[in-house]
Amino acid sequence: MPSRSFRYPVLQEIERPSLDFASRMAAEVFQPLPTVPDHPALEEEVLSAWEREGTFQVLREQNRGGPKFSFVDGPVTANRMALGVHTAWGRTLKDVFQRYKALRGFDQRYQNGFDCQGLWIEVGVERSLGLNSKREIEEFGLEEFARRCRDVVVQSSEALTRGSIRLGQWMDWGRDYFTFSDTNIEYIWKFLKIVHGRGWLYMGHRATEWCPRCGTSISQHELAMSGVYQERSDPSLFVRFPLLDADGQSLVVWTTTPWTLPANVAAAVHPDEEYGRRENGEWVAVKLFPDDRFVERLPGRELVGRRYRGPFDELEPGSKVEHRVIPWGDVTMDQGTGIVHIAPGAGGEDFELARVHDLPVLTPVDEAGRFYENYGWLHGLSTTEAADQIIGRLGETGFLVESGLYAHAYPHCWRCDTPLIFRLSDDWFISVEEVRPTLLDENAKVEWTPEYMGKRMDDWLRNMGDWNISRRRYYGLPLPFYPCACGHLNVVGSKAELAERAVEGIDQLEELRRPWIDRVPISCEACGEPVHRIAEVGDVWLDAGIVPFSTLGWQNPEWIDEGYATGAARGLTRADLPDHGYWEEWFPADWVSEMREQIRLWFYSQFFMSVALTGRSPYRRVLGYEKMLDEHGREMHASWGNTIPAEDAFAQMGADVMRWQYCAQPPERNLLFGFGPAGEIKRELLTLWNSVKFFVEYANIDEFRPSWSALNLEGDLPALDRWLVERTHAFVRDAESAYEGYLTVDVMRAYQEWVDDLSNWYIRRSRPRFWEGGDRAAFQTLWYAIVQTLRVMAPILPFVTDHLWRNLVHDGPASVHLAGWPEVDDPDRDLLRDVENVRRVVTLAHQARNAAGHKLRQPLRKLVVEGISSSHTDEIADEVNVKEVEFGVVEAELRVKPNLPALGPRLGRELRAVQQALQSGDFEELGGGRFRAAGHELEPDEVLVERLGTEGFAVASADGVTVALDTSLDDELVLEGRVRDLIRQVNTMRKEQGLALTDRIVLTLPADARPLLRWEDRIKSEVLAVEIRVDGDAGVSIARAS
RNA sequence: GGGCGAUUAGCUCAGUCGGUUAGAGCGCCGCUCUGAUAAGGCGGAGGUCCGUGGUUCGAAUCCACGAUCGCCCA
């Protein structure tokens, strides 16, 4: 191939910070590397270097004014006292892409956020205080309770920050947003007021999932959190409802919630399904009991309207109800009886049916899930306590047909794990109907990775109900709703408005929070009478969803330094409240990333709020990722002992290894995280480490001094060096497109292939050039390739890359993270392909050697290669240890195979005959690479020619390439083989005796080794011997020369 | 019940547009190379590509039906 003049690319020169100048000048040599890196130790060193040199600040300064990359961090709930390895996954991804964008010169905000309110925090405090109900919290005192909650946030945010820094995450620590700041709360108030202005806000009475322990309803998206649905056994009851107008006949219903039976008002049948009456008078759906005998059959619609006696009509609420049969198209025929017990006060769909059919609504249990007084003997019992008694009672009254147990997935409270019940409650909602079409349109513009997550969002947006925003709790956003007896709903939109309209109590308002805010009544804007706030607090996802507005200063007229640090956040952060111009610059986010369950949580809440306020999505692009499991694929549970605290992972594998594990993971699959995979990763990292170690050892010996500023050398490079440079450029390009696609897994794949090429081809091929020294091109090329790769991998492995960078780059940027992204030319793909071919040939030749039983140390005469050509004959000869490489026809039995992609379309059905003829050797050679078989003439590009073995040759074939190794030996070859054996033996001895690479020796050989002295010079130079002595019948021995 | 996805070696997973002998890593066995390597290379054992049917010269790949698992919704 034509020699190609190579030009080193000009690398971006960046002035390095002066504070490091002195220490750089002192480092005159490369620091020798230990055999194995101690990741945790070197990471601590790098962390202190970053700290000492202010590397992150320098980076931000360097990129100031550059193009903007807007990332908004989803807040992490500040309730845990240590970083978890699953949180570290997300934080790693966020950090990787921020670091990548920083290398590309992007200006970024780097604001971290904490979620500070809501049940998660409350429940933790309740536990630590030993409180177990809302009543006990109120007795404890809401003021002190609020302070305890804040303490949790303070401690947790410190712990999470420490862990994140250790992970290598670069954020603007100290300017974090805390969602419990008054500023954040005020922004939500503003949002709610706008929403109210559009008429979307309403108080609804509906059945919702309810946690009896927390005493609050649970929203649809809280049900989406992982761990909510758990397997559980419930009673399975078949219950008889006697028909009033037909003696001896009854409807049979099936239920798994006995406690709802006292609230029964109706029974639903499918109007179009067939129902049958058994001999004993029981009506059920025919389809569900196909083997039963029925004395009468009716379509469901003819049962509609019939009245029956309720199961607990002896209790006051049931006695007042006229129980009847209603039609319902959603009655399913897969389990139960086909007749559904309807209790509108205790079931979601039941409640909807009550509206349609104008049914009475019975609410059997209170906030704590206990029966109300008018339920007589059930009064005060919890739903589970009541179940047994209800079943017993049904047995006594003859209503019970059958009882058993039923295992199913049942929802539990996402925080306290209590089984949820359905309960009617008054909750505040935001209607979504009007904005739903815009939500769908906007979501279609968002680029989701993986794509199916966007579809999930779309499904959710299509099907979600109105947003239940109220919670009957304490430590949360105070909903600014002041309903007046006059019928007017006052919604306060800001602290200033509150102060203006306050009737009293404004002076004691420490924070916009219960209990202080509840002491501030305002005057009704309609009638002027004093009105009080409702007691409810807001859904935490309002807190997180407003972040793209509250932290960026939306509609804020003037920038306020540290203006975000208000209320409970005062003293915790120095975050500013920017002005509206800033918001315009940074909104919407270019990219956000969280785990998949956030689709219905944070991805949704901010999306909803943003579309409501601006008509636009708050983000352009999303990276979602799946779940973390242990290395065997099981869920991580503290009780199973398979959780890994991030602290342990930092100490035992190191942050880079963790980050590798996270980044090697395709986001659409669950991550199997653990120490086993970490061990593999450590081994893989070793290859790069050892490559650098190799470079450092010989560069020190050779006193090689790379120069960052003189990288733009011109001139021809030896072919192998040119190849490594092109190979590295190809890697840079591949990594670049992987990063741009937000797929770290592709960066890792490209890196692993590159390292293999570096270590198992370039370095292995080049070793003698480094031993001999003086080959500037070799050192320069290896240095260049490693240094470029460090830059590419710096976002993923920020510690080990910087550690190596600081050792290798003496006059360039002080840190790899300040070095920018390598600018490279398009790689020479022809050259890369050529070397790939060489490696294919070498692999085949090694196979052939293996088959022939000749060790690689034994030189052979000739290798013949057919089916491929290459200019790299010397390299092949050297790798295969043969004297001669010949490209041409292998003199051996032909094997011809059809080239299917070429022949298939042309021959169609005839192909099979040709294939068979070729396989059985029934073909004619026409010359020029053409063949005739089964009556068809085959062109050269329509066949693949391979060769089978032949006398005196070892042959190997694959994919149309054949190599034949001449296996005959002569005295000369045998002698040379012995020489190589000896060299290897001596070098092993050198190593065993601990000689330095540069030590010279005196070699003593036994007499029978005398013939080897024909190669004396070669032996001397390869084992660094100054003298070879021959000494009778002693063995081989060495001594260090003085 | 509806939707989405998956099912490939002992384990974890690749497998491009339908194409020749279905691959990798780890683990196991044998051999080998080594002057950076605790690595590397070569070979072996190990496969009902979930099943059935279809389309096609040709199916792990496309289509249909079914099974199992996971996730989401109800």
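This one's a predicted model, so the numbers in the text were calculated from it and none came from an experiment. Every chain is numbered from 1, with letters handed out A, B, ... down the list of sequences.
- Here A:V696 lies out of heavy-atom contact (under 4.0 Å) with every strand.
- Between the P atoms of B:C50 and B:C13, the separation comes to 15 Å (whole Å).
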Problem set entry | Verdict with reasoning, A:W448 to A:N443, per side chain to side chain donor-acceptor pair (under 3.5 Å) | CA-CA 9 Å; A:W448 286 82; A:N443 184 50; 2.9 Å; yes
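- Residue A:N670 is classed as having no contact, given no heavy-atom separation below 4.0 Å to the nucleic acid.
- A salt bridge is absent between A:E451 and A:R456: the closest approach of a Lys/Arg side-chain nitrogen to an acidic carboxylate oxygen does not fall below 4.0 angstrom.
- No contact: A:P768 has no heavy atom under 4.0 Å from any strand.
- As a whole-Å value, the separation of A:I763 CD1 from B:A39 C1' is 12 Å.
- Ring centroids of A:F704 and A:F779 are separated by less than 6.0 Å, placing the two rings close together.
- Checking each of A:Y604, A:F607, A:W460 against A:W467 for a ring pair (Phe, Tyr, Trp, His ring centres under 6.0 Å) leaves exactly one that passes, namely A:Y604.
- Taking the C1' atoms as reference points, B:C72 lies 28 Å from B:G15, given to the whole Å.
- The separation of B:C33 from B:C42, taken at their P atoms, amounts to 15 Å, rounded to a whole angstrom.
- Base pairing of B:G25: its partner is B:C11, meeting the Watson-Crick or G-U wobble criterion (both donor-acceptor distances under 3.5 Å).
- Between A:R764 atom CZ and B:G41 atom P there is a gap of 9 Å when expressed in whole angstrom units.
- Atom CZ of A:R749 and atom P of B:U16 are 12 Å apart (whole Å).
- Atoms CZ and CG, from A:F931 and A:L918 in turn, are 8.5 Å apart once rounded to the nearest 0.5 Å.
- Of the C1' atoms belonging to B:C63 and B:G18, the separation is 13 Å, rounded to the nearest Å.
- The separation between A:L758 atom CG and B:A39 atom C1' is 13 Å, rounded to whole Å.
- Residue A:K627 has its side chain nearest to B:C71 when only B:C71, B:A36, B:A38 are considered.
- Between the C1' atoms of B:A9 and B:G47, the separation comes to 6 Å (whole Å).
- Set against B:G35, B:C57, B:U20, the side chain of A:L1024 has B:G35 as its closest nucleotide.
- The distance from the CD1 atom of A:I644 to the CG atom of A:D630 is 8.0 Å, given to the nearest 0.5 Å.
- Separation of the A:F30 and A:F695 ring centroids falls under the 6.0 Å cut-off.
- Atom CG in A:L900 sits roughly 13 Å away from atom C1' in B:U56 (whole-Å rounding).
- Aromatic pair A:F694/A:W689: centroids not less than 6.0 angstrom apart.
- When heavy atoms are screened at a 4.0 angstrom cut-off, A:P898 is found touching base atoms of the nucleic acid.
- Classification of A:D746 and A:R749 as a salt-bridged pair holds, one side-chain N sitting under 4.0 Å from a carboxylate O.
- Heavy-atom nearest nucleotides on RNA chain B were determined for A:Q915 and for A:E910, and the one closer to the 5' end corresponds to A:Q915.
- B:A24 and B:G5 have their P atoms separated by 30 Å, with the value rounded to a whole Å.
- Partner of A:E626 under the side chain to side chain contact (heavy atoms under 4.5 Å, CB included) criterion, chosen from A:Q665, A:R669, A:M453, A:M595: A:M453.
- If you take NE2 of A:H632 and C1' of B:G10, they are 14 Å apart, rounded to a whole angstrom.
- Taking a pair to require two hydrogen-bonding distances under 3.5 Å in either a Watson-Crick or a G-U wobble arrangement, B:C62 pairs with B:G54.
- Using a 4.0 Å heavy-atom criterion, one finds that A:L33 contacts no nucleic acid atom at all.
- With a cut-off of 3.5 Å on both Watson-Crick or G-U wobble distances, the partner of B:C42 is given as B:G30.
- For the C1' atom pair drawn from B:C17 and B:C29, the interatomic distance equals 39 Å after rounding to whole Å.
- Contacts of A:L686 with the nucleic acid, taken as non-hydrogen atoms under 4.0 Å apart, involve only primed sugar atoms and P, OP1 or OP2.
- In summary, A:E942 and A:R906 engage in a salt bridge, as defined by a charged side-chain N under 4.0 Å from a carboxylate O.
- Comparing A:L903 and A:R980 against RNA chain B, the residue whose closest nucleotide sits nearer the 5' end is A:L903.
- Going from the P atom of B:U61 to that of B:U7 covers 11 Å, rounded to whole Å.
- In this structure, of B:C57, B:A38, B:G35, it is B:G35 that holds the atom nearest to the side chain of A:Y698.
- For the pair A:I701 CD1 and B:A36 P, the computed distance is 10 Å after rounding to whole Å.
- Taking only distance into account, the side chain of A:S759 meets the base of B:A36 through a donor-acceptor pair shorter than 3.5 Å.
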Measure all distances between protein nitrogen or oxygen atoms and nitrogen or oxygen atoms of nucleotides 22-27 of chain B, and list the pairs falling under 3.5 Å.
from	atom 1	to	atom 2	distance (Å)
B:G25	O2'	A:E680	OE1	3.2

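- Following rounding to the nearest Å, A:D746 (CG) and B:U16 (C1') show an atom-to-atom distance of 13 Å.
- Checking B:U20 for Watson-Crick or G-U wobble geometry (two distances, each under 3.5 Å) identifies no partner in any strand.
- Note that CD1 of A:I1019 and CG of A:L1003 are 7.5 Å apart. Values are rounded to the nearest 0.5 Å.
- In this structure, A:E939 CD and A:N899 CG are separated by 12.5 Å, a value rounded to the nearest 0.5 Å.
- Of all nucleotides listed (B:A36, B:G19, B:A38), B:G19 comes nearest to the side chain of A:P905.
- Of all nucleotides present, only B:U68 satisfies the Watson-Crick or G-U wobble test against B:A6, with each distance under 3.5 Å.
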Check nucleotides 2-8 of chain B against the protein and report each pair of N or O atoms closer than 3.5 Å, with its distance, or say if there are none.
from	atom 1	to	atom 2	distance (Å)
B:G3	N2	A:R456	NH2	3.1

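- With distances taken from any side-chain atom of A:N760 to the nucleotides B:G40, B:G19, B:A36, the minimum falls on B:G40.
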